[in-house]
There are 2 protein chains.
Amino acid sequence: MSEQPAPAPVSVPAPAASPLPPGVAAALKRDSAGLVAAVVQQFDTNEVLMLGWMDDEALHRTMTTGRVTFYSRSRQEYWRKGDTSGHVQWVKSVAMDCDGDALLVRVDQVGAACHTGTRTCFDGRALEVRTGPAS
Amino acid sequence: MSEQPAPAPVSVPAPAASPLPPGVAAALKRDSAGLVAAVVQQFDTNEVLMLGWMDDEALHRTMTTGRVTFYSRSRQEYWRKGDTSGHVQWVKSVAMDCDGDALLVRVDQVGAACHTGTRTCFDGRALEVRTGPAS
């Protein structure tokens with residue numbers, strides 16, 4: 001059970017004025033840009049829809065408004081899913097993983113999750129792999 | 001449909017001698033540490049088990065051996081899931097997302113995915129949130 005390291009490596013301290021509850025802010029392990037990965041999953045089918053990034057403020061907005069907000073690494077701005085596309089993500093639950101560097105956001109996705117129009121950002125993008133033994 | 005930026009922001013070039021197929025190496029958008037996020041999902045139940053990190057070599061090993069290998073950010077070494085715990089992840093499929101900065105690895109998980117002993121790294125770690133409207 002000592003297989004996976006407890007502390008994430010490149011974590012940075014909580015922002016001076018994190019809007020998050022203190023326990024959550026303390027547990028988050030941010031990367032060098034202050035972000036954690038957020039896996040977004042459809043709550044009833046368990047489909048993995050997409051992966052986005054959140055800083056403290058984006059997570060705060062996601063936890064308190066019922067809508068998912070990300071931080072865009074390329075545009076360096078907040079981005080509330082669905083504001084331009086209509087493809088809103090309604091928040092059902094949010095969980096933090098064991099070492100605080102990932103979030104699982106369960107949502108009810110309106111329409112396509114992917115900006116390309118596919119239901120998920122992984123649809124039709126399989127790589128050629130050797131699979132493990134049949135179970 | 002222009003909601004989400006196409007290129008990831010902090011991408012670094014492919015390693016000089018990436019072991020990946022050229023098309024895959026070219027499409028990957030690595031962070032400043034050369035890593036992409038890998039979401040691991042149980043293939044038959046769709047549970048999200050954990051999130052790990054892969055560089056080109058870890059993805060290559062995952063695509064070619066039938067077992068999932070990560071790159072540990074804290075220990076800065078390769079880490080083949082199950083080697084010390086026995087909790088092997090057998091690869092069923094791997095997909096890359098639309099902008100190349102995330103992977104979805106569908107597996108058959110032996111035992112607990114989390115080093116804490118829970119089935120997934122998110123079990124029992126829900127945050128208090130305001131949910132969106134009932135669907």
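All values reported here derive from a predicted model rather than from experimental measurement. Letters A, B, ... are given to chains in the order of the sequence lines, protein chains preceding strands, and every chain is numbered from 1.
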Margin query: Regarding B/D31 and A/R73, does a basic nitrogen lie under 4.0 Å from an acidic carboxylate oxygen?
Written below: no
Next item on the list: Considering non-hydrogen atoms only, spot the tightest contact between A/H115 and B/C98 and give its length.
Entry: CE1-SG, 3.6 Å
Next item on the list: Please report the shortest heavy-atom distance between B/W90 and A/P133, naming the atom on each side.
Entry: CE3-CD, 2.9 Å
Notebook entry, point to check: If you tally heavy-atom pairs under 4.5 Å against chain A, which of B/T65, B/L59, B/V24 wins?
Noted result: B/T65
Check: Closest heavy-atom contact between A/F122 and B/A102?
Finding: CE2-O, 3.8 Å
Next item on the list: For side-chain contact (heavy atoms from CB on, under 4.5 Å), just list the numbers for B/V48 and A/V48, CA-CA rounded to whole Å, side-chain angles, deciding distance to a tenth of an Å, and then say yes or no.
Entry: CA-CA 8 Å; B/V48 173; A/V48 173; 3.6 Å; yes
Notebook entry, point to check: When rounded to the nearest 0.5 angstrom, what is the spacing between CZ in A/R130 and CZ in B/R61?
Noted result: 14.5 Å
Notebook entry, point to check: Can you name the ring pair (Phe, Tyr, Trp, His ring centres under 6.0 Å) partners of A/Y71, sequence neighbours left out?
Noted result: A/Y78
Check: What residue among A/V105, A/T62, A/T64, A/V91 forms side chain to side chain contact (heavy atoms under 4.5 Å, CB included) with B/V129?
Finding: A/V91
Check: So, do A/L51 and B/V39 sit near enough that their side-chain heavy atoms are less than 4.5 Å apart?
Finding: yes
Next item on the list: Would you mind checking which part of B/A126 comes under 4.5 Å of any heavy atom in chain A, side chain (CB onward), backbone (N, CA, C, O), both or neither?
Entry: both
Next item on the list: Grab the two heavy atoms, one from A/W53 and one from B/A37, that are nearest each other, plus how far apart they are.
Entry: CH2-CB, 4.4 Å
Item checked: Winner by heavy-atom pair count (cut-off under 4.5 Å) against chain A, out of B/L103, B/D97, B/V107 -> B/D97
Check: Is a side-chain donor or acceptor of B/E128 paired with a backbone partner of A/M63 at a separation under 3.5 angstrom?
Finding: no
Note to self: Does B/M96 form a side-chain contact (heavy atoms from CB on, under 4.5 Å) with A/L127? I'd like the steps, not just the answer.
What the structure shows: CA-CA 7 Å; B/M96 186 187 300; A/L127 305 180; 4.3 Å; yes
Note to self: What's the separation between atom OG1 in A/T131 and atom CZ in B/R106, rounded to the nearest 0.5 Å?
What the structure shows: 13.0 Å
Next item on the list: Give, for atom OG of A/S74 and atom CG of B/D99, the distance between the pair rounded to the nearest 0.5 Å.
Entry: 8.0 Å
